[in-house]
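Okay, structure first, notes after.
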Amino acid sequence: YDSDLEREVVGETNGNFKRLTISLLQGNRHEEKEVDLVLAKEDAIELFNAGINRFGTDESKFNSILVTRSYRHLKAVFAEYKVDARRELDVDIRTILRWRKNYTIQVRSDDVLGRTAGEDIEKSIKTEMTGELELGFLSIVKKIKNTATYFAEELYRSMKGLGTDDDQLIRVIVWRSELDLVEIKGAFSSLYGKGLDEYIKEDTSGDFKQLLLAIVQ
């Protein structure tokens with residue numbers, strides 16, 4: 001196209017979403033195979049403190065962790081993020097009550113031990129962000145957590161409702177055909193109760209349908 005991709009993205013996006021897309025284009029994700037569980041815990045706490053544990057959201061912290069850490073590391077981060085620190089220390093989750101003379105001092109356990117979110121990272125992103133930025137971070141998280149499920153959902157969205165997103169349908173099927181299409185087909189059947197080939201038969205026609213089915217089957 002006789003144009004620089006990064007320059008085009010800069011011209012077409014803005015704000016935090018621009019920073020996210022440029023960061024992804026720069027390709028600075030780590031690829032180490034070993035997972036540092038201590039660092040994973042620290043990153044989970046950083047994400048918690050950058051989002052639901054404060055007023056407002058520090059999007060730059062989400063960007064720096066979700067765009068640069070390795071996939072294996074982030075899977076560990078997401079697991080740590082979901083862990084309820086209160087449960088780890090075997091403290092009553094509801095309330096700690098201390099009786100003193102004629103009054104009651106009530107100490108909430110999350111005030112004492114609230115170090116990690118205790119909820120799925122996807123839920124926190126939906127709470128803290130909106131629009132393209134939300135979709136961008138959710139796409140990163142979903143693909144890392146389960147690649148086959150992520151692409152099965154993308155294929156379903158390309159065919160559901162009136163009309164078909166032909167470009168997206170072609171892009172995913174051709175791209176993943178020699179990588180993990182078998183796993184994606186399995187995930188699709190589990191999620192939607194019908195095979196991917198059945199959806200293609202119902203939603204496309206002619207040579208286009210035959211071509212897609214030849215790849216899928």
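- I144 is not listed as a side-chain neighbour of L66, based on a closest heavy-atom distance of 4.5 Å or more.
- Between the side chains of T204 and Y199, no donor-acceptor pair of N or O atoms lies under 3.5 Å.
- The hydrophobic cluster containing F78 does not contain L39, counting ILVMFWY residues as joined when their side-chain heavy atoms lie under 4.5 angstrom apart, directly or transitively.
- Contact check for R176 versus T147: side-chain heavy atoms found under the 4.5 Å cut-off.
- Remark: side-chain polar atoms of D180 are not paired, donor with acceptor, to backbone N or O of E183 under 3.5 angstrom.
- For the pair K61 and S64, the tightest heavy-atom approach, listed with the atom from each and the gap, is O-OG, 3.0 Å.
- Looking at F62 and I121, their side chains come closer than 4.5 Å, going by heavy atoms from C-beta outward.
- The structure places NZ of K209 at 8.0 Å from NZ of K201, a figure rounded to the nearest 0.5 Å.
- Side chains of T57 and E128: a donor on one and an acceptor on the other come within 3.5 Å.
- Ring geometry for Y156 against Y192 counts as parallel: the plane angle stays under 30°, on a 0 to 90° scale with 60° as the upper cut.
- In terms of heavy atoms, N146 sits closest to T149 at OD1-N, 3.0 Å.
- Of the possible polar contacts, one joining the T164 side chain to the D203 backbone as a donor-acceptor pair under 3.5 Å is found.
- Between K126 and E134 the shortest side-chain heavy-atom distance falls below 4.5 Å.
- Taking a 4.5 Å side-chain heavy-atom cut-off between Ile, Leu, Val, Met, Phe, Trp and Tyr, the cluster of L25 extends to L5, V9, V10, I22.
- In this structure, R72 places its CZ atom where only 12 or fewer heavy-atom neighbours from other residues, nucleotides or ligands lie under 6.0 Å away.
- R29 is listed as a side-chain neighbour of L24, based on a closest heavy-atom distance under 4.5 Å.
- At a cut-off of 3.5 Å, with distance as the only test, a side-chain donor of S60 or D58 sits close to an acceptor on the other residue.
- Distance alone, capped at 3.5 Å, places no donor-acceptor pair between the E153 side chain and the Y150 backbone.
- Under the 4.5 Å side-chain heavy-atom criterion for ILVMFWY residues, no single connected hydrophobic cluster contains both V172 and V182.
- Of the N and O atoms on the side chains of N28 and T68, not one donor lies less than 3.5 Å from an acceptor on the other residue.
- Between I173 and L169 there is a side-chain heavy-atom pair separated by less than 4.5 Å.
- Closest approach of A76 and V35 over heavy atoms only: CB-CG1, 3.7 Å.
- A salt bridge links R69 with D43: the distance from a Lys NZ or Arg NE/NH1/NH2 to an Asp or Glu carboxylate oxygen falls below 4.0 Å.
- Taken from CD1 in I170 to CG in L212, the straight-line distance is 6.5 Å, to the nearest 0.5 Å.
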Query raised in the report: Under the salt bridge (charged side-chain N to carboxylate O under 4.0 Å, His left out) criterion, do E202 and K194 qualify, and how do the steps go?
Result: CA-CA 11 Å; E202 295 173 0; K194 287 199 302 186; 2.9 Å; yes

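- Looking at I52, L47, V141 one by one, the single match for side chain to side chain contact (heavy atoms under 4.5 Å, CB included) with S124 turns out to be I52.
- Side-chain contact between N16 and N63: absent, with no pair of heavy atoms (C-beta onward) separated by less than 4.5 Å.
- F188 is not listed as a side-chain neighbour of F151, based on a closest heavy-atom distance of 4.5 Å or more.
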**Report entry** Trace of the salt bridge (charged side-chain N to carboxylate O under 4.0 Å, His left out) decision for K145 with E122
**Finding:** CA-CA 10 Å; K145 288 170 69 174; E122 291 180 46; 2.8 Å; yes

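- Side-chain contact, E8 with S3: a donor N or O sits under 3.5 Å from an acceptor N or O.
- One finds a salt bridge joining E154 and R157 here, because a Lys/Arg side-chain nitrogen approaches an Asp/Glu carboxylate oxygen to under 4.0 Å.
- If you chain together hydrophobic residues whose side chains sit under 4.5 Å apart, F208 and I215 fall into the same group.
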